[in-house]
Amino acid sequence: MNRNILNLYFIMGSQNCGNADPLHVLESALKGGISCFQFREKGEGARQGEDYIKYARSCQNLCKKYGVPFIVNDDVRLAEELQADGVHVGQDDELAQHVRVRMPGKILGVSVHTSEEVVSAIQAGADYIGVGPIYETKSKADAKPAAGLSFLTKIVTEYPELPIVGIGGITIENAKRVIEAGADGVSIISAISQAEDVQGTVKQLLNIVK
Ligand SMILES: Nc1nc(C(F)(F)F)ncc1COP(=O)(O)OP(=O)(O)O
Ligand SMILES: [Mg+2]
């Protein structure tokens, strides 16, 4: 996997967009130059059933239009059905080694919080790992406490070849520190999806992370 796709990894669900049209938010972020998109439609207000699948396809079509990888969060069946570019699973989702078998040749991301989970993710064949929450996050109700940059720095040092993206409360103000700690990129939800000027915010973030 090309590590650069992690540079500015936008994660969004319709539940993150307030009253804005989520497809308009996504297209603005794509125009701004995000390097990867994760479809994370979950929690209160998330779409269901046919509407969920239709919305996922619309997001995927937009990503195709801009040549940006379309990654599905949690829902491996949807990822298979859409032939997504990849899938992201955490410790409470389907086992990474099973997902690896179900989606050969696709991008597999795994969330990790401990060194043991990093080793398991590598053994499962993960293409990248998500480390966080770095800072306090408002986007994940069941998030673990903010871990800061120490664990990220430790993993970057121990596994320099492993693509790593930081996640959790990352904004224009603190993104640089995450890159300086050695991450290949930053994953962002609210700082982009709730920005006044989505495209402009993405461009500002790109100047910071690249
Ligand atoms: N969705 C994520 N994406 C990343 C990425 F690496 F892509 F930045 N890292 C971490 C998570 C969190 O994944 P998980 O712990 O399963 O919680 P949820 O399914 O609620 O997001
Ligand atoms: Mg998950």
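Numbering of ligands and ligand atoms starts at 1, following listing order. These numbers come from a predicted model, not from an experiment.
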Exercise for review: Would you check the N or O atoms of Ser111, main chain and side chain alike, for any that come under 3.5 Å of an N or O of ligand 1?
Suggested key: yes
Exercise for review: Could you tell me whether some N/O pair between Asp74 and ligand 1 is separated by less than 3.5 angstrom?
Suggested key: yes
Review point. Which bit of Arg40 gets closer than 4.0 Å to ligand 1, counting heavy atoms only: side chain, backbone, both or neither?
Key: side chain
Check your understanding: Considering only heavy atoms from C-beta outward, does the side chain of Glu44 approach that of Gln15 to under 4.5 Å?
Key -> no
Check your understanding: Which of the numbered atoms in ligand 1 are below 4.0 angstrom from a heavy atom of Tyr128?
Key -> 6 (F), 7 (F)
Point to revise | Numbering as shown, the atoms of ligand 1 that approach Val165 to under 4.0 Å (heavy-atom distance) | key: 5 (C), 6 (F), 8 (F)
Check your understanding: Under 4.5 Å between side-chain heavy atoms, hopping through other hydrophobics if needed: is there a path connecting Val209 to Val165?
Key -> no
Review point. So does Glu50 pair up with Lys54, basic N to acidic O under 4.0 Å?
Key: no
Practice item. Tell me which protein heavy atom sits closest to atom 5 (C) of ligand 1, plus the residue, atom name and distance to 0.1 Å. Key: His88 CE1, 3.6 Å
Check your understanding: Parallel, tilted or perpendicular: which describes the rings of Tyr128 and Tyr9, with under 30° parallel and over 60° perpendicular?
Key -> perpendicular
Review point. What residue and atom, counting heavy atoms only, is the protein's closest point to atom 17 (O) of ligand 1, and at what distance?
Key: Lys140 NZ, 2.9 Å
**Study point:** Test log, rule side chain to side chain contact (heavy atoms under 4.5 Å, CB included), inputs Ser111 and Val89
**Key:** CA-CA 6 Å; Ser111 316; Val89 289; over 6 Å; no
Review point. What do you reckon, is CD of Glu180 surrounded by more than 12 foreign heavy atoms closer than 6.0 Å?
Key: yes
Practice item. Quick one: report the N, O or S atom of Asp93 that is nearest to the Mg ion (ligand 2). Key: OD2
Review point. Do other residues, nucleotides or ligands put more than 12 heavy atoms under 6.0 Å from the CG atom of Asp142?
Key: yes
Review point. What atoms in ligand 1 come closer than 4.0 Å to a heavy atom of Tyr9?
Key: 7 (F)
Check your understanding: Under 3.5 Å, N or O to N or O, is Gly130 touching ligand 1 that way?
Key -> no
Practice item. Have a look at ligand 1 and work out which part of Ile11, if any, has a heavy atom under 4.0 Å from it: side chain, backbone, both or neither. Key: side chain
**Study point:** 4.0 Å heavy-atom contact, Lys42 with ligand 1
**Key:** yes
**Study point:** Where His88 and Asn73 come nearest, the two heavy atoms and their spacing
**Key:** O-OD1, 3.4 Å
Review point. In the protein, which heavy atom is nearest to atom 7 (F) of ligand 1, and how far is it?
Key: Gln38 NE2, 3.0 Å
**Study point:** Chi angles and distances behind the side chain to side chain contact (heavy atoms under 4.5 Å, CB included) call for Lys64, Phe70
**Key:** CA-CA 8 Å; Lys64 280 184 178 161; Phe70 174 78; over 6 Å; no
**Study point:** Test salt bridge (Lys or Arg N to Asp or Glu O under 4.0 Å) applied to Asp127 and Arg100, step by step
**Key:** CA-CA 10 Å; Asp127 294 293; Arg100 181 72 288 169; 3.0 Å; yes
Exercise for review: Could you tell me the residue and atom name of the protein heavy atom closest to atom 8 (F) of ligand 1, and the distance to it rounded to 0.1 Å?
Suggested key: Ser187 OG, 2.5 Å
Exercise for review: Examine the proximity of ligand 1 to Asp93 and report which part, side chain or backbone, both or neither, has a heavy atom under 4.0 Å away.
Suggested key: side chain
Practice item. Have a look at Asp74 and say which of its N, O or S atoms is nearest the Mg ion (ligand 2). Key: OD1
